[in-house]
Number of protein chains: 2
Amino acid sequence: MDLTNLSVISQTLESYEETIVFKLIDRAQYAANLITYEAGKSGFRGAGNHSLLELRLRFQEQMDTMFGKYCIPEERPFVNSVSTPRIKAIIDDRGVLLEDCNVVNLTSEIKNGYIRMVPHFCAPGDDGQHGSSVEEDVYALQAISRRIHFGSLYAAESKYTADPQGFGKLITTQDEAGLMEKLTRKEVEERIIERIREKTIATQATVNRSIRRVIDPDVIVQFYREIIIPVTKKGQILYLMNRKI
Amino acid sequence: MDLTNLSVISQTLESYEETIVFKLIDRAQYAANLITYEAGKSGFRGAGNHSLLELRLRFQEQMDTMFGKYCIPEERPFVNSVSTPRIKAIIDDRGVLLEDCNVVNLTSEIKNGYIRMVPHFCAPGDDGQHGSSVEEDVYALQAISRRIHFGSLYAAESKYTADPQGFGKLITTQDEAGLMEKLTRKEVEERIIERIREKTIATQATVNRSIRRVIDPDVIVQFYREIIIPVTKKGQILYLMNRKI
């Protein structure tokens, strides 16, 4: 995979869309269960002040780390600091010019944006299925996070490479508004949004709606418009402002 | 949910189909990576003779147990014995008349059947993404296992209740062939298979095939025909032969 080629990067981002849609649909089979996002309400023995979601994220990331996750720049942990894998993991040079990849860690925006969206695509109330519910949350959050961090790092580097002088000037003057304008490709964003709407519709076309909850495509579209796309651009700016010269 | 009503049970099984399709499609984005299924080849420090998949199943199930999984009869672990959850889990009486739910544990058939299917829907070879690959395996296996155990327990009990005398005679004479015949509803099986084909097609209708691997619907159809449906019926027979009178 050529991670300096903007068209390859865009295609990779596109290939992540199905997974995000699948995970959100699976999460929607459980009620909103908002208590699982409240600090100190986990009901988990010996867990202190964390929410149940935070606990699940912590255990999941500890396990994933052993199996080689978080060795590549686009895999950023929500909770844990990165530790050592117990299998041989892919640690190749992916062309990310950062001293510390965690300067582009958008997981807290992602988590907050996601939690705000939950009541819009899950049934209201509490079905008692807290374990299953946070399990699906974690899978959805990981898929969204991979998309946002991949887009933040590689798309920014590739855009920079196409016009080092133009970007260099904006970086030197710390002109965030100028960077935002230069990074934005409105017609691409609209194409992504249209595509995510079509995928959400197609994926649910054969569902028996009397037994499975369906997500309104507008909710995923809005999530892309208000969270995924702007947070990715915020990540691109963070990348550029911290890029090693 | 009325777990004695065969039509409710069938609808629940139907509602699990999307999740199974989603997980298989996500797994197909990685190569077959057959070494991850080989004993002693995990490359995992301090792991002994297990395969990487077995290790992932072990860690996943330990975590899931803490979060309340395996407290209901249709959730059977692949590797671990059941231990105590650390959150309040749903432990209601679901009408399963077994002394020990683990007499209906089909996880080893499920795992073996699944591993045999992998080369038919994943790209051949090894892409080095072993951690991600077994991660998706576990999610697929759990979704398949829930479907099979749910169908084994509740469908068998509900069929029994509809004709206790007819089933009672076959159970008393240990007539497994007779039970298999009485449990089989050929037209229902064909309807399930047709539905799973349509869902696999619809779910992948909008995929960009140049960047995402697509699963041949025939492979999932064959998996339903050769593994999911017959193993569920095997589970129903096991249930009936061990049913408390």
Side-chain angles (χ1 to χ4, degrees), chain A residues 8 10-12 14-19 21-23 25-26 29 42-47 52 55-56 59-60 62-69 71 84-90 127-132 134-135 139 142-143 195 198-208 210-213, chain B residues 8 10-12 14-19 21-23 25-26 29 42-47 52 55-56 59-60 62-69 71 84-90 127-132 134-135 139 142-143 195 198-208 210-213:
Chain A
V8 171
S10 300
Q11 290 195 328
T12 305
E14 182 182 341
S15 77
Y16 293 165
E17 290 164 3
E18 274 79 8
T19 302
V21 171
F22 294 168
K23 307 294 188 204
I25 292 173
D26 276 339
Q29 306 315 311
S42 72
F44 200 94
R45 278 186 289 115
L52 193 64
L55 287 167
R56 181 81 190 190
F59 283 108
Q60 177 82 36
Q62 279 165 357
M63 176 175 66
D64 287 344
T65 298
M66 291 194 289
F67 285 82
K69 212 170 204 155
C71 291
T84 313
R86 283 169 69 177
I87 62 171
K88 194 170 167 289
I90 295 172
D127 58 17
Q129 306 277 348
H130 297 175
S132 302
V134 294
E135 180 184 339
Y139 304 152
Q142 289 186 326
R195 205 167 54 209
E198 284 165 17
K199 287 180 181 179
T200 309
I201 294 169
T203 303
Q204 302 182 108
T206 46
V207 166
N208 180 344
S210 67
I211 50 173
R212 242 183 106 91
R213 188 175 172 86
Chain B
V8 171
S10 301
Q11 290 197 328
T12 305
E14 182 182 340
S15 77
Y16 293 165
E17 289 164 5
E18 274 80 8
T19 302
V21 171
F22 293 168
K23 306 294 188 204
I25 292 173
D26 275 339
Q29 305 315 310
S42 72
F44 200 95
R45 278 186 290 115
L52 192 64
L55 287 167
R56 181 81 189 189
F59 283 108
Q60 177 82 35
Q62 279 164 359
M63 176 175 66
D64 288 344
T65 298
M66 290 193 290
F67 285 82
K69 213 172 204 153
C71 290
T84 312
R86 283 169 69 178
I87 61 171
K88 193 169 167 293
I90 295 172
D127 58 17
Q129 307 276 348
H130 297 174
S132 302
V134 294
E135 180 183 338
Y139 303 152
Q142 289 185 326
R195 204 167 55 208
E198 284 165 16
K199 287 180 181 179
T200 309
I201 294 169
T203 302
Q204 301 182 107
T206 46
V207 166
N208 180 343
S210 67
I211 50 172
R212 241 183 108 91
R213 187 175 172 87

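Throughout, protein chains are lettered first and strands after them, A, B, ... in sequence-line order, and every chain is numbered starting at 1.
Closest approach of Glu198(A) and Thr206(B) over heavy atoms only: O-CG2, 4.1 Å. Nearest approach of Arg212(B) to Ser15(A), heavy atoms of both residues: NH1-O, 2.6 Å. Here the closest non-hydrogen pair linking Tyr139(B) and Gln60(A) is OH-NE2, 3.3 Å.
Rounding to the nearest 0.5 Å places CD of Gln204(A) at 12.0 Å from NZ of Lys199(B). Interatomic distance, CG of Asn208(B) versus CD of Glu14(A), reported as 4.5 Å (0.5 Å rounding).
If you check the side chains of Arg86(B) and Ser42(A), you find no donor sitting under 3.5 Å from an acceptor.
Between Glu18(B) and Ile25(A), every side-chain heavy-atom pair lies at or beyond the 4.5 Å cut-off. Under the 4.5 Å side-chain criterion, counting only non-hydrogen atoms from C-beta, Arg56(A) is in contact with Met63(B).
Classification of the Phe67(A)-Phe59(B) ring pair by plane angle, with boundaries at 30° and 60°, yields perpendicular.
Using a 4.5 Å cut-off between heavy atoms, Ile201(B) does not touch chain A at all. With a threshold of 4.5 angstrom between heavy atoms, Glu135(B) approaches chain A through side-chain atoms but not through N, CA, C or O. Within the 4.5 angstrom heavy-atom criterion, atoms from both the backbone and the side chain of Val207(A) approach chain B.
Between chain A and the residues Val21(B), Val8(B), Leu52(B), Val134(B), the most heavy-atom pairs under 4.5 angstrom are made by Leu52(B). Annotation: maximal heavy-atom pairing with chain B below 4.5 Å, among Leu55(A), Thr203(A), Thr19(A), occurs at Thr19(A).
Every residue was checked against the salt bridge (Lys or Arg N to Asp or Glu O under 4.0 Å) condition with Arg45(B), not counting sequence neighbours, and none meets it.
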